[in-house]
Amino acid sequence: MKKRVTGIGGIFFKVKDPAKTKDWYQEHLGLNTDAYGATFEWRSAEDPNQKGFTQWSPMKDDTTYFKPSEKEFMINYRVENLVELVKELKAEGVTILDEIDDTEYGKFVHVLDPDGHSIELWEAVDEVYDEMTEGKTTS
């Protein structure tokens, strides 16, 4: 069976004051936070030389980034071959919320799960993402 989700790419959640939340996590739990939250670096189980990243991001409670979902959080899943996966998901009747966004650090698309959660799918370009992120929480 072909892989679809390969890991967690990020956890995004709504808070009243993202800066205050990041400060609290930095002070009390030791997260090395930046403007976006914190980046956790890890190694692939299949290839320990390959780095991967998971982003932790508190977002302002009025963010529209999760739309049309009204839920308090969104999970980003790392995937392989996003273009082919989107074709398969469409054929399976999954609601695709937008077009694939192709950035220098990966491809993204948003889908809805059956409970109305917006889910972000990310085909990462880890080498570029590594260069972009400041102060990773773990290494």
Counterpart residues, ring-ring contact (aromatic ring centres under 6.0 Å, His included), relative to Y65 (two or more places apart): H110
Partners passing side-chain contact (heavy atoms from CB on, under 4.5 Å) against D102 (at least two apart in sequence or in another chain): K107
If you measure from CD1 on I96 to CD1 on I100, what distance do you get to the nearest 0.5 Å? 8.5 Å
T39 side chain vs Q55 backbone, donor-acceptor pair below 3.5 Å: no
Contacts of D47 meeting side-chain contact (heavy atoms from CB on, under 4.5 Å) (sequence neighbours excluded), chain-then-number -> S44, N49, Q50
Return the minimal non-hydrogen interatomic distance between K14 and K60, and the atom names on each side. CG-O, 4.2 Å
Which residues share a side chain to side chain donor-acceptor pair (under 3.5 Å) with E99, sequence neighbours left out: none
Quick one: side-chain contact (heavy atoms from CB on, under 4.5 Å) partners of F73, sequence neighbours excluded? F13, I75, H117
Examine V79 and L112 and state if one hydrophobic cluster contains both, with Ile, Leu, Val, Met, Phe, Trp and Tyr joined whenever side-chain heavy atoms are less than 4.5 Å apart. no
Go through the steps to decide whether I11 and N76 satisfy the test side chain to side chain contact (heavy atoms under 4.5 Å, CB included), and finish with yes or no. CA-CA 6 Å; I11 299 169; N76 167 300; over 6 Å; no
Evaluate the ring planes of Y105 and W122, with Trp represented by its six-membered ring, and classify them as parallel (under 30°), tilted (30 to 60°) or perpendicular (over 60°). perpendicular
For residues 19-28, please give each side-chain donor-acceptor pair under 3.5 Å, one per line with the distance, not counting sequence neighbours.
unit_1 : atom_1 : unit_2 : atom_2 : d
T21    : OG1    : D17    : O      : 3.2
K22    : NZ     : D34    : O      : 3.4
K22    : NZ     : A35    : O      : 2.9

State which residues pass salt bridge (charged side-chain N to carboxylate O under 4.0 Å, His left out) with E84; sequence neighbours excluded, sorted by chain then number. K87
To the nearest 0.5 Å, atom CZ of F12 lies from atom CZ of F66 at 8.0 Å
Please determine whether residues Y36 and Y129 belong to a single hydrophobic cluster, defined as Ile, Leu, Val, Met, Phe, Trp and Tyr linked transitively by side-chain heavy-atom distances below 4.5 Å. no
Looking at every heavy atom in both P18 and P58, which two are closest together, and how far apart are they? CB-O, 3.8 Å
With rounding to the nearest 0.5 angstrom, report the OG1 to CG distance, T95 to L89. 10.5 Å
Could you pull out all residues at least two apart from E92 that satisfy side chain to side chain donor-acceptor pair (under 3.5 Å)? R4
For E104, all residues meeting salt bridge (charged side-chain N to carboxylate O under 4.0 Å, His left out), sequence neighbours excluded: none
How long is the gap from CD on E120 to CG on D98, to the nearest 0.5 Å? 8.5 Å
State which residues pass side chain to side chain donor-acceptor pair (under 3.5 Å) with S118; sequence neighbours excluded, sorted by chain then number. none
Shortest non-hydrogen contact between D115 and K71, atoms and distance: O-CE, 3.2 Å
Walk me through whether F108 and L121 qualify under side chain to side chain contact (heavy atoms under 4.5 Å, CB included). CA-CA 6 Å; F108 297 86; L121 303 177; over 6 Å; no
Check: G10 main-chain N/O paired with T54 side-chain donor or acceptor under 3.5 Å: no
Nearest non-hydrogen partners of D130 and K51, listed with the distance: OD2-NZ, 2.9 Å
Please examine the side chains of E127 and V125, heavy atoms only from C-beta on, and report whether any two atoms are closer than 4.5 Å. yes
Should F53 and F40 count as side-chain neighbours, where that means a heavy-atom distance under 4.5 Å? no
Qualifying residues under salt bridge (charged side-chain N to carboxylate O under 4.0 Å, His left out), relative to D126, sequence neighbours excluded: R78
Can a side-chain donor-acceptor contact be found between T6 and E80 if the only test is distance below 3.5 angstrom? no
Residue list, salt bridge (charged side-chain N to carboxylate O under 4.0 Å, His left out) with K16, at least two apart or on another chain: none
Is there a donor-acceptor contact under 3.5 Å from the side chain of T103 to the main chain of G106? yes
To the closest 0.5 Å, what do you measure between CE (M74) and CD1 (I119)? 9.5 Å
